[in-house]
Structure formats: C-alpha cells, structure tokens
A.B. asks: 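Below you will find the structure I want to go over with you.
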Amino acid sequence: MTHARPAPLTARRAGALKGRVRVPGDKSISNRALIFGALAVGETRISGLLEGEDVLNTGKAMAALGASVERLGGGEWCVRGVGVGGFREPAGVLDFGNSATGCRLVMGAVAGCPVTASFDGDASLRKRPMRRILDPVTEIGARVMSEGDDGRLPVTLKGARDPVPIRYRTPVPSAQIKSAVLLAGLAAPGATTVIESEASRDHTERLLVHFGAEVKIEPEGAHGRCITVTGEPELAPAPVLVPADPSSAAFPMVAALIVPGSEIVLIDVMTNPLRTGLITTLREMGADIEAVNVRSDVGDELADFRVRASALKGVDVPAERAPSMIDEYPILAVAASFAEGTTRMRGLKELRVKESDRLAAVANGLRANGVAFEIDGDDLIVHGKGRALGGGEVVTHMDHRIAMAFLVMGLASDKPVGVDDTSFIATSFPSFVPMMRGMGAEYS
Ligand code: S3P
C-alpha cells in the first residue's frame with residue numbers, strides 16, 4: 001500500500017451537522033478477528049470487518065502464513081484457519097504498512113510457530129519501538145535473526161520450535177504487548193500469564209474465550225489485571241460481528257459537540273468500558289451524549305449515541321484513564337480548545353510512540369491554529385477559550401488521527417484549518433470525508 005502523493009484538505013466553518021451514521025468496524029477487533037480466524041481450525045465468518053488498510057494488511061499476512069482469507073462482500077469475510085502453531089513459512093516479507101497492531105500481534109502469533117518471517121512497514125511504523133514485543137517473545141523461545149536500528153523494523157523473527165510458557169509483566173500498559181504474549185503463549189504447553197498494572201483493552205481475552213480457549217482474569221492492584229491463558233487449545237471457529245469503532249466515532253462525536261446546532265446519532269458503537277474513556281471525559285466536560293438502544297451482541301456491549309452541540313468546560317483527565325482512551329487524545333485536545341477553561345490531560349507518555357509523536361503533532365496543530373496550551377512533562381494542558389482561531393496548516397506526519405482531529409477543528413474554528421495529507425485516513429476510517437460531508441461538513 002503506497003501513499004505516493006499527499007492529499008491535502010481544508011476544513012471550513014460548517015452549518016449544523018445532522019445525520020444518523022454507522023462508522024466502520026472496530027479496528028482492534030477486526031485485526032484480531034482475522035488473526036483468530038487464522039489460528040482456528042475451520043471456517044470463521046466475520047461481519048462488519050473494517051476494510052481499512054491496516055486491517056487489510058493483517059489479512060494479507062494471515063494469507064501469507066497459510067490461512068485462506070476471502071472477502072465475500074462488503075465487510076463480510078471468511079477465514080479458513082490452520083490451527084495454533086500451524087502457520088507455514090511466508091514466501092515474502094510481511095508488510096504491515098502503517099499498522100503497529102497488526103505487526104505486533106502477528107509477531108506474537110508467529111513467535112510460537114516453527115517458521116521464520118520478516119516484518120516491515122512504512123516510514124512511520126519503522127520508527128516505532130518493537131523491543132517491547134521482541135523481549136517477551138524471545139523469552140518464549142523465538143529468535144530475532146535481524147533487526148533495524150534499536151530493535152525497530154525491519155525485523156526477521158524465527159519462531160520457537162518448542163515455545164515455553166512465561167509470566168510477563170508489561171513495562172507499559174499496552175494491549176498490543178499483552179496480546180502478542182498471549183498469542184505466542186497459545187502455542188506453549190501450560191499457562192502463560194500477562195500482568196498489567198493498568199487494564200488495557202481486552203479484545204484479545206474476549207476473543208480467546210469466544211474461540212474456546214481457557215482464560216483466567218484476576219484483578220491486579222487498583223487498576224490492573226492478571227491474565228492467564230492455557231496453551232495448546234484447539235481453537236474452534238466462531239462467528240465475529242464487529243461493532244462500530246468507538247475510536248472512529250470519536251471524530252463525528254466531537255464535531256457534533258463543537259459545531260453549533262448539531263445533532264447526530266452514531267449507531268452500533270462498541271461500549272466496552274476499556275474503550276470509553278473519551279465519552280466519560282466529554283460528559284464530565286458537559287457534553288450532551290445520550291446512549292440509546294444499549295445492548296449486548298455476541299460478546300460485546302454496544303449502544304447508539306445521540307450527540308447534541310454543547311457548551312463544554314475544561315476538566316482534569318486522570319492518568320489512569322489513559323489506557324481507555326489512548327487513541328482519543330488528539331480529538332480530545334480539539335474538544336478542549338472549544339471548551340471554556342483549562343483541560344489537563346495527564347500521563348500521555350505513550351502518545352510519543354504512536355503513528356507519530358502525537359504529543360508533538362497535537363501541540364504543533366494547536367499552535368498553528370491559535371489555541372493556548374502547555375506541555376508539562378507528560379501532561380498536555382489546553383487553555384480553552386470556547387473557540388479556535390484556525391487559519392493554520394497542520395502537518396500530519398503519516399498519522400490518520402492527527403488528520404481527522406484537525407479536520408474536525410476546522411468545522412468550528414474562525415478561519416479554515418488545512419491538513420497536509422489525508423491519505424492515511426484510509427488506514428482506519430476510509431469513509432471519513434464522505435461521511436462527514438454527508439452530515440454537512442465543509443471540506444475542499
Ligand atoms: C491497540 C492498542 C493500542 C492502540 C492501538 C490499537 C490494539 O496500542 O493505540 O491503536 O488494538 O491492541 P497500545 O497497546 O500500544 O497502547
């Protein structure tokens with residue numbers, strides 16, 4: 001997947017946004033559904049799969065590792081898996097494009113199989129730390145045959161012939177590290193345990209159970225969890241219905257809050273409590289977000305959200321909340337710009353190692369658009385004045401969420417906001433621009 005030519009776009013002050021939309025399927029679940037389908041024996045049907053570049057790259061990797069991955073129609077996919085430990089050696093390099101989730105989870109799954117695979121990605125992914133995965137998978141028995149600078153991509157990994165179960169404490173709260181260890185541990189005999197001091201998204205644990213593995217989850221300290229999977233299960237295919245991605249819904253949600261007179265409904269949004277930190281925060285800020293039609297569907301909680309334009313006020317966002325809204329800080333910073341008063345977002349260290357250095361990218365975007373802010377250690381402090389001047393050109397650094405966040409800002413700022421490249425939006429939310437235009441957004 002190449003992004004040869006940057007695609008700039010400018011957002012202008014819009015009239016009230018109106019509409020009822022379903023944002024695409026959750027990226028975390030979509031990536032995992034393909035991986036679990038490939039590790040199960042038999043045919044897994046997936047509905048509502050996010051057909052964004054990140055997920056499609058995971059699908060290609062699963063096919064290269066021996067699974068059959070077939071698109072049946074819009075969002076409907078069928079994966080015929082090879083079983084735990086059953087991957088075949090891929091013929092070429094596994095290219096994950098922009099996606100750390102795909103790359104890191106597949107590194108975990110490969111680590112427990114006796115195959116050698118090479119992992120690579122785009123310039124953004126090549127900058128991201130991979131030691132956090134290489135360290136634990138080496139303990140399990142995999143060998144790093146080659147690596148880029150300081151453990152970065154490109155990496156060649158030789159999976160373990162006889163993987164050993166480990167007990168691993170994650171150095172940072174990260175669902176990707178946790179998932180990589182659990183996926184590698186699936187191929188090891190006995191119990192593999194991951195301990196996290198702050199609970200991160202639990203989609204891997206839920207899917208393990210859904211596909212028939214034995215998983216034990218215990219509390220760890222005030223906010224953490226200890227997760228144990230019993231290795232060498234025969235995973236049984238199970239249908240996966242992918243709900244709408246709360247991290248994508250976040251963009252139209254904040255747009256509706258800050259564009260006067262707006263009222264929109266976001267349907268089928270996943271409300272897993274480990275993903276809803278943004279909604280909690282926005283409500284504390286005074287946002288009118290009403291959950292209607294709250295329900296459960298094949299292992300996930302979902303709801304429709306009616307969102308109305310609201311007068312927001314600044315709040316203090318505790319560091320413990322970060323794992324449940326880790327991808328939402330760029331758009332929260334936009335909401336905070338339109339709030340009255342100061343919003344302090346604490347504990348954002350991990351933002352420095354996302355698709356871009358998101359703390360720096362957000363700061364530059366705020367500065368370019370006349371929003372007052374400070375960075376104090378790992379905290380971002382936005383001094384909201386109820387408005388943003390706009391008029392800036394935002395550098396997105398190959399980061400879809402930076403592009404979308406500032407395309408939302410421009411819908412309510414005094415002057416237009418430009419972003420230098422929208423092409424990476426296709427990694428997670430390919431329909432973002434047309435969906436927003438359909439609700440009244442002004443983009444040109
Ligand atoms: C994800 C985990 C998060 C998140 C990413 C998706 C996942 O990363 O930022 O967009 O699907 O497991 P970390 O686990 O590194 O926090």
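Along the sequence shown, residues are numbered consecutively beginning with 1. Numbering of ligands and ligand atoms starts at 1, following listing order.
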A.B. asks: Just checking, is any N or O donor in the side chain of Asp202 or Asn272 under 3.5 Å from an acceptor N or O on the other one?
C.D. replies: yes
A.B. asks: For atom 6 (C) of ligand 1, which protein heavy atom lies nearest, and how many Å away is it?
C.D. replies: Thr101 OG1, 3.3 Å
A.B. asks: Distance only, no hydrogens: is a donor on one side chain within 3.5 Å (strictly under) of an acceptor on the other, for Ser247 and Lys27?
C.D. replies: no
A.B. asks: Lys27 versus ligand 1: do any nitrogen or oxygen atoms come within less than 3.5 Å of each other?
C.D. replies: no
A.B. asks: Taking atom types as modelled and ignoring hydrogens, do the side chains of Arg367 and Asn364 form a donor-acceptor contact shorter than 3.5 angstrom?
C.D. replies: yes
A.B. asks: For Arg32 and Thr204, test the side chains for any donor-to-acceptor distance below 3.5 angstrom and give the result as yes or no.
C.D. replies: yes
A.B. asks: Strictly below 4.0 Å, N to O, side chains only: are Arg344 and Asp316 in salt-bridge contact?
C.D. replies: no
A.B. asks: Side chain, backbone, both or neither: which part of Arg32 comes within less than 4.0 Å of ligand 1 when only heavy atoms are counted?
C.D. replies: side chain
A.B. asks: Test your reading of the structure: does Ala175 have an N or O sitting under 3.5 Å from an N or O of ligand 1?
C.D. replies: yes
A.B. asks: Give me the residue, atom name and distance of the protein heavy atom closest to atom 16 (O) of ligand 1.
C.D. replies: Lys354 NZ, 3.1 Å
A.B. asks: Check this for me - ligand 1, Arg401, N or O atoms closer than 3.5 angstrom, yes or no?
C.D. replies: no
A.B. asks: For the residue pair Gln176 and Thr101, confirm or rule out a side-chain donor-acceptor distance under 3.5 Å.
C.D. replies: yes
A.B. asks: If you have a sec, work out which protein heavy atom is nearest atom 10 (O) of ligand 1 and how many Å separate them, to one decimal?
C.D. replies: Asp327 OD2, 2.7 Å
